[in-house]
Q: 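For reference, the structure I am asking about is given below.
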Amino acid sequence: MVRKLTAAATALATLVVSCAPETSQPTKVRALVLSSNGEYTPTEVELKTLTDVASLEGKVARFVGSASIQLSGQDPEVQAATTEDALRRAMTKDSGRSITASFIPDAQGVLTPADFHSWNVTTTYYNLERAWEYFNTVANVPQAELPQTPVYYFPEFILGELSDKPQRDNALFFAPMGAFMVLPFDTLQKAPLAINASILTHEYAHLVFNRRVFDGRALPPPLTVWSQDGVTPGLNVIKAMDEGIADYHAYVASCATRFGCNTRVLSTTYDDALVASRDLATPRCMDALTYNQLLNANLAAAAGLEYRVGTLIAHALFRSATTDAERQALVRALVATYSDPDGAKYGFNQLASGFLNSQESFTLAVAAKAIVQHLPAGSTLQAQVCNNFVNILQIPASSLTGANACPASTIPGDCPSIYSTP
């Protein structure tokens with residue numbers, strides 16, 4: 001179904017319709033939803049937060065078409081920006097405009113998208129709404145922390161340090177604009193990224209991480225300051241935590257679907273090798289080379305380090321919680337760890353700020369212990385997380401013990417120790 005729709009796509013990022021259907025709450029529409037045979041098929045769903053069906057605007061998201069967003073350190077306007085608002089204005093070369101989706105109502109009032117772009121944006125809003133609901137209800141993030149977020153649909157998106165050509169084949173949360181980007185695609189042969197619910201939950205997790213860990217900053221000081229050093233151990237850890245926990249959120253959110261938990265969060269979009277490399281269920285262990293890179297590499301030069309370590313983190317979390325109740329307790333603890341001013345158990349926000357001038361102090365052990373301290377003290381779940389952090393991430397047990405932390409009985413498991421000597 002997706003390939004047929006893709007073949008019918010036009011180059012327009014702004015959709016046109018002669019008359020707009022009436023908006024009601026909830027709004028019944030058809031979106032592309034993963035079926036039991038692995039195909040995306042038109043499925044009747046409800047959009048619960050929509051306020052304007054024609055422009056696909058609602059409490060969760062607001063679509064913007066035909067925008068031009070460009071970031072380059074050589075841009076005089078970017079160089080002159082002294083505030084984050086000024087930076088966002090400097091990056092916005094064309095602010096774009098609202099989209100207008102086209103629908104065909106049936107006799108029961110269910111709206112069917114009339115063209116590819118209408119299917120794409122409708123499914124994107126549905127997936128973002130599901131991610132929003134997951135973080136609100138399962139992860140216990142107040143709705144006040146989950147505001148309406150702009151979604152730049154098929155923008156001209158240029159990152160000057162990477163290329164002078166527009167980026168393509170991606171869907172991402174772009175913190176410098178505080179927005180999601182759904183980019184045009186060329187090479188992806190499977191489902192477009194925005195149709196993949198797990199990928200959009202992963203990207204929404206980055207929004208939540210940014211808002212809590214980095215106070216919603218466009219250019220968070222821990223990232224900008226730490227990236228200036230030749231070796232970036234703190235940056236390596238915090239980026240790995242962001243990526244790994246985002247994968248875990250995508251996995252837990254999938255457990256509420258009718259097809260159950262999906263550990264292959266990139267499936268249906270990427271090739272099998274990449275999907276397998278991020279499969280949360282595949283047994284994995286930290287190796288000496290990766291651990292050494294985490295401590296001594298510059299993130300910009302260590303291609304994919306945050307994803308490799310992030311997958312280890314996600315696997316450790318996956319192995320720690322086996323029931324719905326445990327998974328919910330764990331995701332709530334993770335979100336609570338993002339920011340906590342309690343000096344007895346600081347969150348990532350406070351730890352990163354405190355180590356702003358000494359990033360080597362923001363270690364994998366420090367970040368992992370913060371997670372452990374936000375789990376129910378003495379619980380089976382806490383003990384399981386401790387064991388898997390010690391085993392899979394190769395964190396010395398002595399680094400995780402203390403008040404409301406890992407018990408002294410925490411021992412390594414089946415992973416070979418990277419500290420063994422011949």
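Treat the numbers as computed from the prediction; the structure is a model and nothing was measured. Sequence positions, counted from 1, serve as the residue numbers for this chain.
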Q: Just checking, any donor-acceptor pair under 3.5 angstrom between side chains of Gln74 and Glu161?
A: no

Q: Would you find a donor on one side and an acceptor on the other, under 3.5 Å apart, between the side chain of Arg284 and the backbone of Asp279?
A: yes

Q: Rounded to the nearest 0.5 Å, how far apart are NZ of Lys369 and SG of Cys386?
A: 10.0 Å

Q: Quick one, Thr83 and Arg88 - any side-chain contact, counting heavy atoms below 4.5 Å?
A: no

Q: Once you round to the nearest 0.5 Å, how far does OG of Ser339 lie from CD of Glu145?
A: 9.0 Å

Q: Quick one, Val29 and Tyr126 - any side-chain contact, counting heavy atoms below 4.5 Å?
A: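 They are not in side-chain contact.
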
Q: Strictly by modelled atom types, are Thr268 and Tyr40 linked by a side-chain donor-acceptor pair under 3.5 Å?
A: yes

Q: State, to 0.1 Å, how close Ala288 and Ile418 come at their nearest heavy-atom pair, and which atoms those are.
A: N-CG2, 3.6 Å

Q: Is any side-chain heavy atom of Arg217 closer than 4.5 Å to one of Glu84?
A: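 Heavy-atom side-chain distance check passes, below 4.5 Å.
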
Q: Do Glu129 and Leu47 have side chains that get closer than 4.5 Å, going by heavy atoms?
A: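 With C-beta onward as the side chain, the pair touches.
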
Q: Which residue in the set Asn120, Thr49, Thr27 passes side chain to side chain donor-acceptor pair (under 3.5 Å) when paired with Tyr125?
A: Thr49

Q: State whether Glu77 and Lys93 are salt-bridged, where the test is any N-O pair (Lys NZ or Arg NE/NH1/NH2 against Asp/Glu carboxylate O) under 4.0 Å.
A: yes

Q: Looking at every non-hydrogen atom in both residues, tell me the closest pair between Gly178 and Thr149 and how far apart they are.
A: O-CG2, 3.7 Å

Q: On a heavy-atom basis, which atom in Thr311 and which in Ser277 lie closest, and how many Å separate them?
A: CG2-O, 3.6 Å

Q: Using a distance-only test with no angle check, is there a side-chain donor-acceptor pair under 3.5 angstrom linking Asn391 and Asn387?
A: no

Q: Just by distance, no angles: are the side chains of Ser320 and Asn388 close enough, under 3.5 Å, to form a donor-acceptor pair?
A: yes

Q: Could you go through Gln70 and Ser68, starting from their C-alpha distance and side-chain angles, then the distance that decides it, and tell me whether this counts as side chain to side chain donor-acceptor pair (under 3.5 Å)?
A: CA-CA 6 Å; Gln70 302 181 28; Ser68 177; 3.1 Å; yes

Q: Apply side chain to side chain contact (heavy atoms under 4.5 Å, CB included) to Ser198 and Asn262, showing your working.
A: CA-CA 9 Å; Ser198 290; Asn262 173 30; 3.9 Å; yes

Q: Within the side chain of Arg212, is there an N or O that forms a donor-acceptor pair under 3.5 Å with the backbone of Val335?
A: yes

Q: Take Tyr251 and Phe318, measure what ring pair (Phe, Tyr, Trp, His ring centres under 6.0 Å) needs, and give me the verdict at the end.
A: CA-CA 9 Å; Tyr251 156 71; Phe318 164 77; 5.4 Å; yes

Q: In the structure I gave you, are the side-chain heavy atoms of Leu146 and Tyr204 within less than 4.5 Å of one another anywhere?
A: yes

Q: Can you list the residues that meet the ring pair (Phe, Tyr, Trp, His ring centres under 6.0 Å) rule with Tyr307, with sequence neighbours excluded?
A: none

Q: Just wondering, are more than 12 heavy atoms of other shown residues or ligands nearer than 6.0 Å to CD in Gln79?
A: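 It does: Gln79 CD has more than 12 such atoms within range.
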
Q: Let's go through Val213 and Ile238 carefully: what are the C-alpha distance in whole Å and the side-chain angles of both, what is the deciding distance for side chain to side chain contact (heavy atoms under 4.5 Å, CB included) to 0.1 Å, and is it a yes or a no?
A: CA-CA 10 Å; Val213 178; Ile238 205 164; 4.0 Å; yes

Q: Do Gln382 and Thr380 have side-chain atoms, one donor and one acceptor, less than 3.5 Å apart?
A: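 Side chains of Gln382 and Thr380: no pair found under 3.5 Å.
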
Q: Start with the C-alpha gap between His374 and Asp340, add the side-chain angles, then the distance that decides, and say whether side chain to side chain contact (heavy atoms under 4.5 Å, CB included) holds.
A: CA-CA 9 Å; His374 286 84; Asp340 189 342; 2.7 Å; yes

Q: Hey, are Thr322 and Glu326 close enough side-chain-wise for a donor-acceptor pair under 3.5 Å?
A: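 A pair is found: one side chain offers a donor N or O, the other an acceptor, under 3.5 Å apart.
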
Q: Is the backbone of Leu266 close enough, under 3.5 Å, to the side chain of Thr269 for a donor and an acceptor to pair up by distance?
A: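 Not at all, since once roles are kept as given, no pair shorter than 3.5 Å links the two residues.
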
Q: Work out which heavy atom in Val331 is nearest to a heavy atom in Tyr134; give both atom names and the distance.
A: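 Taking every non-hydrogen atom into account, CG1-OH, 3.3 Å.
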
Q: Is it the case that the ring center of Phe157 lies less than 6.0 angstrom away from the ring center of Tyr152?
A: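 No, they do not, as the ring centres are separated by 6.0 Å or more.
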
Q: Any side-chain heavy-atom pair from Met286 and Cys415 closer than 4.5 angstrom?
A: no

Q: Just by distance, with hydrogens left out, do Thr124 and Asn127 show a side-chain donor and acceptor under 3.5 Å apart?
A: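 Short answer, no.
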
Q: Can you spot which of Leu364, Thr410, Leu317 makes a side-chain contact (heavy atoms from CB on, under 4.5 Å) with Phe389?
A: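 The passing option is Leu317.
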
Q: Establish, from distance only, whether the side-chain atoms of Asp229 and Thr232 form a donor-acceptor pair under 3.5 Å.
A: no

Q: Would you kindly say whether Gln143 and Asn136 are connected by a side-chain donor-acceptor distance under 3.5 Å?
A: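 Side chains of Gln143 and Asn136: pair found under 3.5 Å.
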
Q: Are His117 and Phe154, when compared by the centres of their aromatic rings, separated by less than 6.0 Å?
A: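 Yes, close enough.
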
Q: Examine distances only and state if a side-chain atom of Thr290 and a backbone atom of Asp287 form a donor-acceptor pair shorter than 3.5 Å.
A: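 No; judged by distance alone, with no hydrogens or angles, the pair does not exist.
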
Q: Quick one: pull up OG in Ser353 and CG in Asn349 and give me the separation to the nearest 0.5 Å.
A: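 Rounded to the nearest 0.5 Å, the OG-CG separation comes out at 4.5 Å.
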
Q: I want to know whether Phe362 and Trp226 have ring centres closer than 6.0 Å.
A: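 Distance test on ring centres: under 6.0 Å, yes.
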
Q: For a quick test of reading the model, state the closest non-hydrogen atom pair linking Pro407 to Thr401 and the distance between them.
A: O-CG2, 4.1 Å

Q: Would you say that Lys59 contacts Lys48 through its side chain, given a criterion of any heavy-atom pair below 4.5 Å between the two side chains?
A: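 Lys59 vs Lys48: side chains apart.
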
Q: So do Glu243 and His202 actually touch side chain to side chain, heavy atoms under 4.5 Å?
A: yes

Q: Of all the heavy-atom pairs spanning Thr122 and Leu56, show the shortest one and how long it is.
A: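 Looking at all heavy atoms of both residues, the shortest contact is CA-CD1, 4.1 Å.
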
Q: Would you compute the distance between atom CZ of Phe214 and atom NE2 of His206 and round it to the nearest 0.5 angstrom?
A: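 It comes to 11.0 Å.
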
Q: Under the side chain to side chain contact (heavy atoms under 4.5 Å, CB included) criterion, do Met181 and Ile69 qualify, and how do the steps go?
A: CA-CA 10 Å; Met181 302 281 176; Ile69 309 298; 4.1 Å; yes

Q: Distance from Phe63 atom CZ to Tyr153 atom OH, nearest 0.5 Å?
A: 8.5 Å

Q: Out of curiosity, Ile245 CD1 to Thr337 OG1, how far, rounded to the nearest 0.5 Å?
A: 7.5 Å

Q: For a quick check under 3.5 Å, do Arg308 and Gln293 share a side-chain donor-acceptor pair by atom type?
A: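 Gln293 and Arg308 do have a side-chain donor-acceptor pair below 3.5 Å.
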
